[in-house]
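Right, one structure below, let's go through it.
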Amino acid sequence: MAVKTQVMNWSKFTVEEWLKQYGAYIQLCRMKSGNEPDDLGVNQIYWLICENNKDVALRKGMIRCEIDDFEAEQVRKLIVEVRSSKAICDSAKAAVQLFIEKCVRGMSLDQLDREFNLSRSSINNMIYAGKYYLAGHDKRLRID
């Protein structure tokens with residue numbers, strides 16, 4: 001009996017798009033009463049309404065989920081690997097974490113500023129550094 005293995009196509013999206021897609025995937029799972037993490041603080045009714053109005057034009061901040069369960073699991077593994085890696089220094093982890101928070105949760109710089117108590121320019125620089133660090137750390141990822 002042949003076992004079919006799936007191979008992740010990381011070139012499908014940029015690193016930022018993968019994280020945004022993962023955020024959209026988590027939101028859809030939460031609406032469907034899935035068992036995904038529930039710490040994003042997203043208004044589920046709003047996303048349910050948006051999902052039901054598929055023929056209406058997308059709003060500026062709305063991401064339509066285009067990944068499947070396997071791809072979402074691979075992105076989750078990437079995030080966990082980066083968070084638990086001993087090869088990455090703490091300052092780089094903080095920058096990568098801010099980049100991940102911004103993309104997955106869809107937060108603006110002002111929201112990040114309020115939550116993490118850093119200046120807007122510091123957050124912007126850390127997000128930029130985190131994006132490039134993550135893409136450099138994992139050569140499968142591409143940036144725009």
Side-chain angles (χ1 to χ4, degrees), residues 5-144:
T5 59
Q6 289 183 308
V7 177
M8 181 70 166
N9 178 12
W10 288 101
S11 63
K12 185 176 174 181
F13 297 111
T14 65
V15 62
E16 191 169 358
E17 291 168 338
W18 276 116
L19 293 172
K20 288 180 179 180
Q21 285 294 316
Y22 180 66
Y25 175 84
I26 289 172
Q27 292 163 1
L28 284 176
C29 287
R30 288 177 60 212
M31 287 187 300
K32 296 175 184 175
S33 299
N35 58 358
E36 293 301 318
D38 197 25
D39 61 350
L40 296 177
V42 178
N43 183 341
Q44 294 179 4
I45 295 171
Y46 169 77
W47 288 104
L48 184 60
I49 291 169
C50 291
E51 189 62 24
N52 285 333
N53 293 331
K54 289 185 185 222
D55 51 332
V56 177
L58 289 175
R59 290 171 182 80
K60 181 180 175 186
M62 186 177 165
I63 304 292
R64 180 157 299 156
C65 183
E66 298 174 11
I67 62 174
D68 59 19
D69 294 338
F70 173 75
E71 291 170 326
E73 179 62 18
Q74 296 303 308
V75 175
R76 187 195 67 76
K77 285 180 181 179
L78 173 72
I79 293 170
V80 169
E81 175 192 331
V82 168
R83 287 181 178 164
S84 62
S85 175
K86 303 272 188 225
I88 302 174
C89 68
D90 290 339
S91 59
K93 278 186 184 178
V96 170
Q97 182 61 32
L98 277 174
F99 174 65
I100 290 171
E101 292 284 330
K102 180 184 185 319
C103 294
V104 172
R105 294 174 63 186
M107 298 177 77
S108 69
L109 292 178
D110 290 331
Q111 290 170 325
L112 288 168
D113 175 27
R114 285 190 296 275
E115 186 167 325
F116 294 101
N117 295 324
L118 296 170
S119 70
R120 186 181 172 119
S121 62
S122 294
I123 289 176
N124 197 25
N125 290 336
M126 288 178 73
I127 289 170
Y128 182 80
K131 175 181 179 178
Y132 282 91
Y133 188 91
L134 185 59
H137 178 72
D138 193 328
K139 302 299 183 198
R140 301 172 297 180
L141 301 172
R142 66 180 176 86
I143 51 177
D144 47 354

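Because the structure is predicted, anything quoted here is derived from the model rather than measured. Heavy atoms only: backbone and side chains are in, while hydrogens, waters and symmetry mates are out.
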* Nearest-0.5 Å distance that lies between atom CD in Q111 and atom CG in D113 -> 10.5 Å
* From F116 CZ over to M126 CE, what is the distance, rounded to the nearest 0.5 angstrom? -> 9.0 Å
* **Side chains of D144 and K131 in contact at under 4.5 Å (non-hydrogen atoms)** => yes
* Asked: Are side-chain heavy atoms of L19 and I79 found at a separation under 4.5 Å?
  -> yes
* How far does OH of Y25 sit from CH2 of W18, to the nearest 0.5 angstrom? -> 12.5 Å
* Asked: Got a second to check how far C89's SG is from Y133's OH, nearest 0.5 Å?
  -> 5.5 Å
* Do F13 and E66 come within less than 4.5 Å of each other through their side chains, counting heavy atoms only? -> yes
* Rounded distance (nearest 0.5 Å) linking atom CD1 of I143 with atom CG of L134 -> 10.0 Å
* To do: Answer yes or no: is there an ion pair linking R76 with D69, defined by an N-O contact shorter than 4.0 Å?
  => no
* Evaluate the side-chain proximity of E81 to H137: yes if any heavy-atom separation is below 4.5 Å, no if none is. => yes
* Would a 4.5 Å heavy-atom cut-off, applied to side chains only, mark V75 and W10 as touching? -> yes
* Closest approach of R140 to D138 (non-hydrogen atoms, all atoms of both residues) -> NH2-OD2, 2.6 Å
* Asked: With side chains defined as the heavy atoms from C-beta onward, is the minimum distance between L78 and L141 less than 4.5 Å?
  -> yes
* E16/K20 ion pair, N-O < 4.0 Å -> yes
* Structure fact -> d(E71 CD, D68 CG) to nearest 0.5 Å is 4.0 Å
* In chain order, what residues pass the side-chain contact (heavy atoms from CB on, under 4.5 Å) check against S119, with sequence neighbours excluded? -> S121, S122
* To do: May I ask you to check whether over 12 heavy atoms, not counting those of Y128, lie within 6.0 Å of atom OH?
  => no
* To do: Before accepting this row, confirm whether a basic side-chain N of the pair K12/E17 lies closer than 4.0 Å to the acidic partner's carboxylate O.
  => no
* Asked: Are a donor atom and an acceptor atom from the side chains of S108 and D110 found within less than 3.5 Å of each other?
  -> no
* To do: State, with a plain yes or no, whether a side-chain heavy atom of L112 is found less than 4.5 Å away from one of I127.
  => yes
* Asked: Which heavy atom in N9 sits nearest to a heavy atom in S11, and how many Å separate them?
  -> OD1-OG, 2.6 Å
* Do E101 and Q97 have a side chain donor and acceptor closer than 3.5 Å? -> yes
